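This report refers to the structure that appears directly beneath it.
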Amino acid sequence: MNNLPNLSDLKVFCVIAKRKSFVESAEELGVSPAYISKRINILETSLNSKLFHRSTRHVSLTEDGKLILERVANILDEFHEISELINNPQNAPVGHLDIISSFGFGRKHVAPILSKLITLYPKLTIHFDTIDNTKDLIEHSIDLDIRIGNEIAPNMIAKKLASNFRVFCASPSYLMKNGIPEHIDELQHHDCLTISERDQSSVLLKLRHSCEDVITRVTPRFVSNNGEITNQLAIDGQGIILRSIWDVADELLSGQLQHILPGYWQDADIWAVYPSRLKSSSKLQTCILFIQQELIGRLAHIQNLPRGELIRPIENSPSKEKVFL
């Protein structure tokens, strides 16, 4: 390597790796596709390595490109931190964050919190996507994933934002017609409405019990990647759902849904997942702490649910970041 790569070219490289398109990357950066192509050619020459597989419709990282992306993201973060220290002595978040979350939780809880965040910090910009699958944060250049569920992707760092668990529910009309299941095995004889989202299986259910952990298999009558749809079908009397307590708390309190099989639950805490330690990015740290404080406030009404056998108590205790290997 005769020449060190230009930092602006490394930024172009990261944008293309995220967008997987020269045209879309050019639009994001406000330049022409020809400029993008020229800068990548210069960068590849500087690094003496091919970074992308190119076709007329698709752009993907080479093995060298994947390796370099993992290192470059940290380098750019470090330089951004230096710039913040020099130009932003008040340490207010400045710059851009790419954030993802699941459909229902993202729309209902995360989006309103992010609206408050950008109002509080006008020099912060955010790209927020709601998704129904699990994305590689490094490969897609994503800064933060607000996710539900305790199965964290390998090599990621995570901070627990709030406790959460999933419970079985059905409408009173469904239970009057079909009976109330007394044991988990009886679900095989009931209509189940399940979610196919993220790492959540729509067939195999891993559950907690006071005596032992259990895995049960169901044959769904209805499957969707949208929790709001399955919730509505359950309210309409179409079957049984396993849903996060934050998502059905109001319906349980109003009586639209009834908690069943109270001895079984599924841990599904709310996590902030990110590819590098918080100390490497003050804006990310500020964002996560703000989201955590707001979530605890938004979910406080869950504490009013009945305790004992009906509902396990939920705890909102702060936690340290954790590395999942």
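Keep in mind that what you see is a predicted model, and the values were worked out from it rather than measured. All residue numbers in this chain count up from 1 along the given sequence. Below, all heavy atoms of this structure are taken into account, side chains as well, without hydrogens, waters or symmetry copies.
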Verify same cluster id: [X], [Y] (apolar side-chain graph, 4.5 Å):
X	Y	value
Leu242	Val214	yes
Ile118	Leu295	yes
Val59	Tyr35	yes
Phe52	Val23	no
Tyr274	Ile126	yes

Shortest non-hydrogen contact from [X] to [Y]?
X	Y	value
Thr230	Ile241	O-CG2, 3.8 Å
Ser49	Asp64	OG-OD2, 2.9 Å
Asp145	Ser101	OD1-CA, 4.3 Å
His96	Lys283	O-CE, 3.0 Å
Ala234	Leu193	N-CD1, 3.6 Å
Ile148	Ile270	CG1-CG1, 4.1 Å

Give a yes or no answer on whether the side chain of [X] reaches the backbone of [Y] with a donor-acceptor pair at less than 3.5 Å.
X	Y	value
Glu44	Leu51	yes
Ser25	Lys20	no
Gln266	Lys206	yes
Glu294	Phe290	no
Ser224	Ile229	no
Thr45	Asn41	yes
Ser244	Asp247	no
Gln238	Tyr174	no
Asp143	Asp98	yes
Asp267	Phe165	no

**Prompt:** Heavy-atom distance under 4.5 Å between the side chains of Thr130 and Val110, does that happen here?
**Reply:**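 No - every pair of side-chain heavy atoms lies 4.5 Å or more apart.
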**Message:** Contact between Ile291 and Leu144 at the side-chain level, heavy atoms closer than 4.5 Å - yes or no?
**Reply:**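 Yes, side chains in contact.
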**Prompt:** In this structure, are over 12 heavy atoms from other groups packed under 6.0 Å from Lys11 atom NZ?
**Reply:**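 Open.
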**Prompt:** In Å and rounded to the nearest 0.5 Å, what is the CG to CG distance from Leu161 to Leu289?
**Reply:**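 Reported value, rounded in 0.5 Å steps: 9.0 Å.
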**Prompt:** What distance do Ile146 atom CD1 and Ile288 atom CD1 have between them, rounded to the nearest 0.5 Å?
**Reply:**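 If I round to the nearest 0.5 Å, the distance is 6.5 Å.
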**Salt bridge present between Glu228 and Arg107 (N-O < 4.0 angstrom)** =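 Salt bridge between Glu228 and Arg107, a charged N being under 4.0 Å from a carboxylate O: yes.
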**Item:** Residues Ile99, Cys287; criterion side chain to side chain contact (heavy atoms under 4.5 Å, CB included); working and verdict
**Value:** CA-CA 10 Å; Ile99 303 174; Cys287 177; 4.0 Å; yes
**side chain to side chain contact (heavy atoms under 4.5 Å, CB included) between Glu63 and Leu67, intermediate numbers included** = CA-CA 6 Å; Glu63 289 304 313; Leu67 183 64; over 6 Å; no
**Item:** Test applied, salt bridge (charged side-chain N to carboxylate O under 4.0 Å, His left out); reference residue, Asp269; option that passes from Lys159, Arg166, Lys160
**Value:**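 Testing Asp269 for a salt bridge (charged side-chain N to carboxylate O under 4.0 Å, His left out) against Lys159, Arg166, Lys160 leaves exactly one candidate, Lys160.
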**Request:** Mind running salt bridge (Lys or Arg N to Asp or Glu O under 4.0 Å) on Lys18 and Glu28 for me, showing each step along the way?
**Result:** CA-CA 11 Å; Lys18 176 180 66 176; Glu28 178 173 328; 3.3 Å; yes
**Request:** Apply the test side chain to side chain contact (heavy atoms under 4.5 Å, CB included) to residues His183 and Tyr264: give CA-CA distance (whole Å), side-chain angles for both, the deciding distance (0.1 Å), then the verdict.
**Result:** CA-CA 9 Å; His183 191 272; Tyr264 298 89; 3.6 Å; yes
**Message:** Checking Phe168 against Leu207 for the side chain to side chain contact (heavy atoms under 4.5 Å, CB included) test, could you report, in this order, the C-alpha distance in whole Å, the side-chain angles of both residues, the deciding distance, and whether it holds?
**Reply:** CA-CA 11 Å; Phe168 288 101; Leu207 304 168; 3.9 Å; yes
**Prompt:** Strictly by modelled atom types, are Ser60 and His53 linked by a side-chain donor-acceptor pair under 3.5 Å?
**Reply:**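 Per modelled atom types, Ser60 and His53 side chains form no pair under 3.5 Å.
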**Request:** Indicate whether any N or O donor in one side chain lies under 3.5 Å from an N or O acceptor in the other, for Asp191 and Asn178.
**Result:**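 Per modelled atom types, Asp191 and Asn178 side chains form no pair under 3.5 Å.
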